[in-house]
Every structure is written in structure tokens, then in C-alpha cells.
Amino acid sequence: MSLIPREFYLRDDVVGISRDLLGKFLISRIDGNITSGIICETEAYAGVADKASHAYGGRRTARTEVMYAQGGTAYIYLCYGIHSLFNIVTHQKDFPHAVLIRSIKPVEGFEIMLRRVGKTRINQNFGIGPGNVSKIMGIHYHYTGHDLTKKPERSDRFGIWLEDRGVMADPKKIITGPRIGVIYAGQDALLPYRFQIAF
DNA sequence: CATAGGATCGCCT
DNA sequence: GGCGATCCTATGT
């Protein structure tokens with residue numbers, strides 16, 4: 001039951017961090033409502049050399065600027081005009097590495113999550129897919145730039161952070177493969193930067 | 001200023 | 001498995 005510290009995100013190893021994030025808890029408090037889930041699937045985006053990354057070639061734009069912040073910062077952007085995709089920036093300031101959270105296993109706040117998706121029953125896609133993760137967690141792209149290493153005070157009504165609650169990901173059960181939806185990245189689309197595990 | 005396209009999803013067939 | 005939704009972002013003139 002401990003907040004994941006800044007140092008976890010500062011390593012120059014976005015692929016390793018992606019793997020290590022499996023089993024960690026993603027927690028949000030939005031308007032005072034707590035929801036959380038265990039991270040089950042991630043993808044690494046390895047900075048300026050990675051053709052699949054928004055920061056490929058050192059591109060700096062209003063949207064991608066937060067990717068250049070220090071590790072432990074949230075990079076959240078709007079995809080296809082509809083979906084907020086949640087990423088965790090890693091490495092030191094000015095090194096735009098990030099990890100996309102692709103799925104979680106919901107743990108706390110089922111009622112609130114269901115309300116957010118306008119459903120009354122949990123379906124097969126619940127928590128599966130980066131757009132769905134943000135939707136049920138109440139994470140909006142306007143929250144990009146948020147410091148994920150800061151757990152909110154009891155009185156705060158907003159916060160997004162990660163905790164290690166002792167759930168271990170068995171290395172032998174981790175499935176590794178190429179990233180989804182990045183065919184435009186040529187050879188880089190084949191890199192084994194996607195990690196998933198069932199909890 | 002105009003325009004094409006996207007690290008997706010859910011519904012329809 | 002095919003497609004429309006939906007709007008911000010990046011890029012070009």
C-alpha cells in the first residue's frame with residue numbers, strides 16, 4: 001500500500017517500466033469519487049527514436065510538450081475525437097518517453113465506473129482498451145500534465161496517482177508482443193513493446 | 001485559414 | 001468484420 005515514488009518513473013528504461021507497471025494500481029479521485037484498478041496491459045513509447053511515438057524526431061508541439069516533462073507526469077490526449085488516452089511519462093525531463101495504459105482490472109468504485117459509461121451491467125470490454133480505461137476512471141484529456149507522484153490530501157476532491165499494493169506480476173505469465181494500431185511506424189511497429197497479464 | 005487524419009470503440013450486419 | 005462517430009492536432013498554403 002504505497003505511493004509509487006518519482007524515482008520509479010525516472011529510469012531510462014521505458015520498456016522495463018512498462019513491464020513493471022503490470023500489477024500496479026491506478027487510482028483516481030474525481031469530484032471526490034474514488035475509482036481504481038490493477039494495470040493489466042501497457043505499451044512503451046520510446047522517445048525521439050521511436051517512429052510510433054508522438055515525440056518521434058524530437059517533435060515538440062502544444063500537445064506533446066508534456067512528454068518532455070520529468071517522469072511521473074500524465075500525458076493524456078484526445079484520440080479519434082472521442083477517446084482520452086492515458087499515458088505515464090517516464091525518464092528525465094527533456095526525454096519524451098511514455099507508457100500507454102491499455103487495460104485495467106477494476107477494483108474499487110464499480111458503481112461510479114458504470115455510471116461513467118452509462119451502463120448498469122459490467123460487459124466484456126469493461127476496463128479493456130485505452131479509451132475504456134480513461135472512461136471508467138474518469139480521466140479526461142484536460143488533465144494532461146498532472147503530477148502522478150502526488151497523492152491528494154484527504155480534503156482534495158481531485159487526484160490521479162499510482163500505488164504498489166503488493167500485487168506481483170509473475171514474469172512467466174507476462175505476454176509480450178507488438179503494439180496495437182501503429183502500422184504507420186514501419187519497422188518500429190514490430191517492436192515487442194506491449195505487455196499484458198491477467199489478474 | 002483549410003484540411004486530412006488519428007496510440008479507438010461500439011454497434012450493425 | 002465493417003463502418004461511422006467526432007474534434008483536436010499537425011501541417012500546409
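We name chains A, B, ... by the order of the sequence lines, and we start the count at 1 in each one. In what follows, every heavy atom counts, from backbone to side chain, and hydrogens, waters and symmetry copies are set aside. Since the structure is predicted, the reported quantities are computational estimates derived from the model, not experimental observations.
For A:Arg63, a side-chain nitrogen or oxygen approaches OP1 or OP2 of C:dA10 to under 4.0 Å. Between A:Thr61 and C:dA10 there is a side-chain polar atom (N or O) within less than 4.0 angstrom of OP1 or OP2.
Comparing B:dA7, B:dT8, B:dG10 by their closest approach to the side chain of A:Ile180 singles out B:dT8. The A:His83 side chain lies nearest to B:dT8 when the options are B:dT8, B:dC11, B:dA7.
Rounded to whole Å, the distance from NE2 on A:His142 to P on C:dC7 is 12 Å.
A:Leu100 comes within contact range of at least one nucleobase, with a heavy-atom separation under 4.0 Å. The residue A:Asn125 sits close only to the backbone: its heavy atoms come under 4.0 Å of sugar-phosphate atoms, none of a base. Residue A:Tyr45 is classed as a base contact, given a heavy-atom separation below 4.0 Å to a base. At a threshold of 4.0 angstrom between heavy atoms, the contacts of A:Arg179 with the nucleic acid are absent.
A cation-pi geometry, defined here as NZ or CZ lying under 6.0 Å from the six-membered ring centre and within 45° of its normal, holds between A:Arg179 and A:Tyr45.
Classified by interplanar angle (parallel below 30°, tilted 30° to 60°, perpendicular above 60°), the ring pair A:His91/A:Phe95 is parallel.
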Are any protein N/O atoms closer than 3.5 Å to N/O atoms in nucleotides 3-6 of chain B? If there are, list each pair with its distance.
residue: B:dG6; atom: N2; partner: A:Gly81; partner atom: N; Å: 3.3

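In summary, A:Arg6 and A:Asp147 engage in a salt bridge, as defined by a charged side-chain N under 4.0 Å from a carboxylate O.
Checking side-chain atoms of A:Asp188 against main-chain N and O of A:Ala52 turns up no donor-acceptor pair under 3.5 Å. The closest donor-acceptor contact from the side chain of A:Asn123 to the backbone of A:Phe126 lies under 3.5 Å.
If you take OG1 on A:Thr42 and CD1 on A:Ile197, they are separated by 10.5 Å, rounding to the nearest 0.5 Å.
To the nearest whole angstrom, the two C1' atoms, one in B:dG5 and one in C:dC3, are 16 Å apart.
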